[in-house]
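Order of the sequence lines sets the chain letters (A, B, ...), proteins ahead of strands, with each chain counted from 1. Keep in mind that this is a model prediction, so the values were computed, not measured.
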Amino acid sequence: MKSDTTERVYDIVAKIPQGKVMTYKAVAVKAGRINPRLVGVILHQNSDPQKVPCHRVVRSDGKIANGYAFGGKVAQLTRLRKEGVVFSNAGTVDLVKSSWNVA
DNA sequence: TGTGTGACGATCG
DNA sequence: GCGATCGCCACAC
């Protein structure tokens with residue numbers, strides 16, 4: 001039962017290019033002014049993990065999601081860094097340089 | 001159909 | 001400045 005809101009969330013996240021990350025808040029707002037929580041829930045229930053790089057979605061603090069650690073937050077951090085994402089500190093994404101804004 | 005949950009954010013203390 | 005609690009809406013059971 002994919003509502004328009006959920007579908008929009010997937011579309012937004014799927015449009016995040018490599019080397020860039022997006023905050024839950026930003027996605028929530030662009031998805032239709034929903035709550036950032038819903039983004040986490042929706043991504044958790046995502047039906048297309050291949051099209052929805054949840055690891056590119058971080059918290060407003062730039063930190064990696066808590067429950068998504070599919071192998072450890074460090075693993076996500078390493079994967080993101082490999083894509084070109086810049087980090088301010090270990091486990092923290094530099095949103096100033098890697099924040100992505102939907103065109 | 002209704003209740004509970006949930007990968008966060010913001011505000012209160 | 002840090003910790004804890006509330007709120008928000010969609011999805012699963």
Side-chain angles (χ1 to χ4, degrees):
Chain A
M1 171 175 177
K2 297 172 182 173
S3 299
D4 183 64
T5 305
T6 12
E7 189 176 344
R8 209 172 305 205
V9 173
Y10 296 137
D11 185 58
I12 293 166
V13 178
K15 279 177 179 161
I16 302 175
Q18 293 186 345
K20 295 287 179 182
V21 295
M22 208 166 185
T23 62
Y24 283 99
K25 185 180 179 183
V27 176
V29 173
K30 291 177 180 301
R33 310 294 167 164
I34 62 177
N35 271 24
R37 271 189 97 145
L38 304 192
V39 180
V41 177
I42 292 167
L43 289 179
H44 191 205
Q45 301 291 6
N46 70 40
S47 303
D48 299 295
Q50 297 180 340
K51 295 187 170 201
V52 186
C54 326
H55 62 273
R56 282 187 199 156
V57 185
V58 298
R59 292 182 43 142
S60 63
D61 295 335
K63 281 196 141 190
I64 305 298
N66 280 315
Y68 178 56
F70 58 88
K73 298 172 191 170
V74 181
Q76 298 175 48
L77 190 155
T78 302
R79 180 181 287 188
L80 289 169
R81 185 180 14 164
K82 198 171 184 178
E83 294 182 353
V85 178
V86 182
F87 291 88
S88 297
N89 293 312
T92 305
V93 180
D94 187 348
L95 297 174
V96 181
K97 295 181 180 177
S98 301
S99 61
W100 168 243
N101 174 280
V102 178

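Pair check for dT1(B) finds none; no Watson-Crick or G-U wobble contact set falls under 3.5 Å. Across all strands shown, the partner of dC6(C) is dG9(B), judged by Watson-Crick or G-U wobble contacts whose two distances both fall under 3.5 Å.
In this structure, Asn46(A) reaches the bases: a heavy-atom distance under 4.0 Å links it to at least one base atom across the strands shown.
Set against dA10(B), dA10(C), dA12(C), the side chain of Gln45(A) has dA12(C) as its closest nucleotide. Closest to the Tyr24(A) side chain, of the nucleotides dC8(B), dA10(B), dG6(B), is dC8(B).
Two residues are said to be in side-chain contact when any heavy atoms from C-beta on lie closer than 4.5 Å; Ile34(A) and Ile42(A) meet this criterion. Inter-residue side-chain proximity for Val93(A) and Phe87(A) is flagged as met; some heavy-atom pair is nearer than 4.5 Å. Using a 4.5 Å heavy-atom cutoff, the side chains of Gln18(A) and Lys82(A) are not in contact.
Under 4.0 angstrom from either OP1 or OP2 of dC11(C) there lies at least one side-chain N or O belonging to Thr6(A).
The separation between Ile42(A) atom CD1 and dC8(C) atom P is 17 Å, rounded to whole Å. Following rounding to the nearest Å, Arg37(A) (CZ) and dG6(B) (P) show an atom-to-atom distance of 9 Å. Going from atom CZ of Arg33(A) over to atom P of dA10(B) covers 14 Å, rounded to whole Å. When rounded to the nearest whole Å, the span between NZ of Lys25(A) and C1' of dA7(B) equals 18 Å. The CD1-C1' distance, from Ile34(A) to dG7(C), rounds to 14 Å in whole Å. Leu38(A) has its CG atom 14 Å from the C1' atom of dA12(C), to the nearest Å. The interatomic distance linking Ile64(A) (CD1) with dA7(B) (P) rounds to 16 Å, in whole Å.
Interatomic distance, Asn46(A) CG to Thr6(A) OG1, rounded to the nearest 0.5 Å: 11.5 Å. Distance NE2/His55(A) to CD1/Ile16(A): 9.0 Å, rounded to 0.5 Å.
Two residues, Val41(A) and Arg59(A), neighbour DNA chain B, and the one matched to the more 5' nucleotide by heavy-atom proximity is Val41(A).
For Asn35(A) against dC9(C), a side-chain-to-base donor-acceptor contact under 3.5 Å is absent.
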